[in-house]
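Naming convention: chains lettered A, B, ... in sequence-line order (proteins, then strands); numbering from 1 in each chain. All heavy atoms count here, side chains included; hydrogens, waters and symmetry mates do not.
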Amino acid sequence: MTNFHALAIDFYEKSTLDLAKSLLGCLLVKETSEGICSGYIVETEAYIGPEDRAAHSFNNRRTKRTEIMFGHSGLVYTYQMHTHTLVNVTSGGVDKPEAILIRALEPIEGIELMQQRRGLQTEKKLTNGPGKLTKALGITMQDYGLCYTKPPIYITPGILPKHISSGPRIGIGNSGEAKDYPWRFWITGNSYISK
DNA sequence: GCACAGATGAGCT
DNA sequence: GCTCATCTGTGCA
């Protein structure tokens, strides 16, 4: 392992909304036996459990699935959605079930391998959605509970976004007023965001 | 044990 | 824009 500069755990010790913005432009790296894949994070969504009807952990619901969100910040929370796996970063610290969904990446390393996994898509469409990026990077439920500070999955400093936009989240239509919270963040003008 | 919903994506109309 | 693939967790009997 050379040039290993994963962000230390204290990077994750800030408010969930701040962390969601801080993660934009950072490099998400996944190592597998097939090779290393990475990409800049260009789109995130914050889920703040206690007050957020759209979150799995709404009202502090603590179950086997959401357990990881009650743990330390900076852990991998993977979740199976139909035929896809979604990946989150836990936040809020111990006993606060908050998390940040990674919705889109800009592919950097291992693009050929990603295209192989995704079935030869164009580079633009490799990772422009939460289900697509996990398949491209090879992230699965096996990664549940890992920490983002060390291999095989970690986050390093990347670029500094020029402008950040925010707006309502996607795909949570029947969550009452929570669907209008402007907790989705993306790098303004980046062409790899999901929509 | 069983039924059902869900932070999606691809393909077809 | 609509359907459906296909899997885990949850809730209830």
Candidates C:dG9, B:dA7, B:dG9 - which lies nearest the side chain of A:R65: C:dG9
Nearest-nucleotide 5' precedence on DNA chain B, A:K125 against A:Y47: A:Y47
B:dA7 OP1/OP2 closer than 4.0 Å to side-chain N/O of A:H56: yes
Pair A:T140-A:T85, side chain to side chain donor-acceptor pair (under 3.5 Å): steps then yes or no: CA-CA 6 Å; A:T140 69; A:T85 304; over 6 Å; no
Length of the line joining A:Q80:CD and C:dG9:P, which is rounded to integer Å: 9 Å
Aromatic A:Y47 / basic A:R169 pairing, under 6.0 angstrom, 45° off normal: yes
Value in whole Å for how far the P atom of C:dG9 lies from CE of A:M69: 13 Å
Phosphate-side-chain proximity, A:R61 and C:dG9, N/O vs OP1/OP2 below 4.0 Å: no
Single-linkage hydrophobic cluster, 4.5 Å side-chain cutoff, A:I170 and A:L101 together: no
Atom pair distance, as rounded to whole Å: OH in A:Y79 and P in B:dG6: 9 Å
Side chain of A:H84 - closest among C:dT6, B:dA7, B:dG9: B:dG9
Rounded distance in Å - CZ (A:F185) to C1' (B:dA7): 15 Å
Inter- and intrachain pairs under ring-ring contact (aromatic ring centres under 6.0 Å, His included), touching residues 56-101 of chain A, at least two apart: A:H56-A:Y79
Sugar-phosphate, base or nothing in reach of A:Y77, heavy atoms under 4.0 Å: base
A:H82 side-chain proximity, nearest of C:dA5, B:dG9, C:dT8: C:dA5
Among B:dG9, B:dA10, B:dA7, the one nearest A:N88 by side-chain distance: B:dA7
For the student: nearest non-hydrogen atoms of A:T156 and A:H5, plus distance: CB-O, 3.7 Å
Touch class at under 4.0 angstrom, heavy-atom based, for A:R184 against every strand present: nothing
Spacing between A:E67 atom CD and C:dT8 atom C1', to the nearest angstrom: 16 Å
Separation of atom NZ in A:K135 from atom C1' in C:dA5, rounded to whole Å: 12 Å
Length of the CG-C1' vector between A:N128 and B:dA10, whole Å: 13 Å
Complementary nucleotide for C:dC2 - Watson-Crick or wobble, under 3.5 Å: B:dG11
Gap between atoms CE and P, on A:M141 and C:dG9 respectively (whole Å): 6 Å
side-chain N/O A:K132 vs B:dA10 OP1/OP2, d < 4.0 Å: yes
